Amino acid sequence: MARTADVEVLIVGAGPVGLMLTCLLRRRGISCAVVDRRTGIDLRPRAITLHRTAIDLFAGLGLLEALLRVSIPMDRISFHAQDGREFVGRLAGQGGIVDGYLNTLQPSYQALLLEEARRLGAEVRLGAEVVGLAPSEHSVRAFLGSPRGGQIMDAAFAVAADGATSTVRRLLNVEMEGKGPTRSYVLLEGDPVLAPPEGETGLYVGDAGMVTLAPLPAGKVRIAGPADEGLRIERGDEISAASAAALIDRLGFGQRLLLARADRVTHYTVRQQVASRFDHGRVLLAGDAAHLNAPAGGQGVNLGFGDAEALAWRIEAALGAYDAGLFGSYDDEQRHLAASTIEQADVFPIVQAIREHSTLSDRHAQALLDQRAIAWTQHRAAA
Ligand SMILES: Cc1cc2nc3c(=O)[nH]c(=O)nc-3n(C[C@H](O)[C@H](O)[C@H](O)COP(=O)(O)OP(=O)(O)OC[C@H]3O[C@@H](n4cnc5c(N)ncnc54)[C@H](O)[C@@H]3O)c2cc1C
């Protein structure tokens, strides 16, 4: 098996989290390779909301202007009941570079990070899959499979940013703890029949669950839902735009949640799980490989960017003088943050609050929703 040049850090997975970490490490002058079994960026609809942690990190990399070009600014989350009652959680005035949050498409910001990783001199290897891992006291050896044949790569540290079905996590026998799979969501993206208010993500609560309506760049929208306890769609199942729209329509919000034309349709099933440990000697877990949450508030990728930030300075310090405690504190901080984010992302307290609002004073309901909207977008502060 051919040997490649050694690197200080091997990052498994060129998703948003792996690429962000690659850029942060290169900015610190650390040699790194990022490998991904895909040959290009995943174009399926996925994470669309970037919060303060993420925006700060893009800005720190000098990518703020480029990010703003592919995003739209958002400053409100509205909550709608079937009987017409509405509440608005306002996010402006919370500080930060952007006064609120950004909606954008995952392939757009992932492309920015990929280009930046290359520009900063990282070794980016697409179409190469990590199939084996041999960690030792002083290094980690990875076995890569690719159409060009097998290769061995040695690194001082390896980071598993290889997503929800992480191979590295499986190779290390790390358990995921928590709930799931539970309910399924359908996602539709396209042109709305009625344009939603600018700057506002809407959450529509009906008897059959909750649907999110999120504006996207170029006048498009994302409709995701229903957060319905009864709905389960298995991985690999196909779903048509018509059947996805029919599921959304069950909530009874009519044209407000209707697309004139669907560009893309997909589905996924929620898991609310955290890895039993994030640090395994010289192998660290980050992003979806470490934690999975429900989609409310669009927190998954933001939490993963926080992992990248928390790892970059620790890896730099550990390359100077290895100290297992550095990564013990990474595990402690980020695992607890993931657990609290999972709790915050559970939509059912919100659904309940809106359904039971008649038993609460308006002010109480408004305060609850404001607080939840802010917690969703500021999960560093909510830790
Ligand atoms: C349908 C869908 C909709 C979503 N919507 C939202 C949303 O609205 N908001 C939100 O915050 N989050 C959403 N998410 C979750 C969000 O996309 C993830 O949190 C985010 O992509 C995590 O980034 P990551 O880099 O950790 O992992 P990923 O993006 O999954 O990247 C992992 C990478 O690792 C690669 N890989 C895997 N195994 C190997 C291997 N053995 N060797 C080499 N490479 C490997 C994969 O090819 C992949 O490119 C959604 C997810 C899905 C599936």
Side-chain angles (χ1 to χ4, degrees), residues 10-22 33-51 53-54 101-107 109-110 113-114 124-133 142-146 151 153 158-172 181 184-189 201 212-214 216 222-225 233 235 239 244 264-271 273 275 285-308 311 338 341-342 344-345 376-377 379:
L10 165 64
I11 293 146
V12 186
V17 175
L19 289 171
M20 176 61 81
L21 179 60
T22 304
V34 57
V35 301
D36 201 296
R37 64 180 169 204
R38 299 185 67 89
T39 50
I41 288 177
D42 190 346
L43 296 175
R44 289 173 302 167
R46 296 180 74 188
I48 53 167
T49 301
L50 295 182
H51 297 157
T53 314
Y101 58 106
L102 295 175
N103 274 2
T104 173
L105 297 174
Q106 184 165 329
Y109 61 80
Q110 214 172 311
L113 291 172
L114 179 59
V124 180
R125 242 192 243 203
L126 302 182
E129 178 170 14
V130 169
V131 292
L133 208 64
F143 300 90
L144 307 184
S146 79
Q151 284 195 319
M153 186 180 275
V159 177
D162 52 347
T165 57
S166 172
T167 307
V168 173
R169 198 178 65 215
R170 181 173 49 76
L171 291 170
L172 296 172
S184 301
Y185 282 74
V186 292
L187 299 181
L188 289 143
E189 286 178 3
T201 296
T212 306
L213 173 65
L216 295 175
R222 147 92 55 98
I223 295 177
I233 308 170
R235 201 187 285 269
I239 185 151
R264 298 186 297 181
V265 183
T266 189
H267 64 83
Y268 74 104
T269 296
V270 170
R271 289 172 168 75
Q273 299 174 344
L285 305 188
D288 277 17
H291 41 72
L292 296 167
N293 54 265
Q299 303 182 83
V301 79
N302 293 282
L303 190 57
F305 283 143
D307 295 341
L311 271 179
T341 302
I342 285 174
Q344 294 281 5
W376 277 348
T377 54
H379 56 257

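Order of listing sets the numbers, starting from 1, for every ligand and every atom in it. Just the heavy atoms: all of them, side chains too, but no hydrogens, waters or symmetry mates, feed the values below. Not measured: the values here are computed from a predicted model.
Residues Gln151 and Arg125 have side chains that bring a donor and an acceptor to within less than 3.5 angstrom of each other.
Between the CG atom in Leu133 and the CZ atom in Arg169 there is a gap of 14.0 Å [rounded to 0.5 Å].
In this structure, Glu189 contributes its side chain and Arg264 its backbone to no donor-acceptor pair below 3.5 Å. A donor-acceptor contact shorter than 3.5 Å is absent between the side chain of Ser166 and the backbone of Asp162.
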Worksheet item: Taking it one step at a time, do Arg38 and Asp36 satisfy salt bridge (charged side-chain N to carboxylate O under 4.0 Å, His left out)?
Response: CA-CA 5 Å; Arg38 299 185 67 89; Asp36 201 296; 5.4 Å; no
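Protein residues are said to neighbour a ligand when one of their heavy atoms lies under 4.0 Å from it; for ligand 1 these are Val12, Gly13, Gly15, Pro16, Val17, Val35, Asp36, Arg37, Arg38, Pro45, Arg46, Ala47, Ile48, Gln106, Ala128, Glu129, Val130, Ala161, Asp162, Gly163, Thr167, Leu187, Arg222, Thr266, Tyr268, Gly287, Asp288, Gly298, Gln299, Gly300, Val301.
Ring geometry, Tyr268 versus Tyr185: the interplanar angle falls under 30°, so the pair is classed parallel (tilted spans 30 to 60°).
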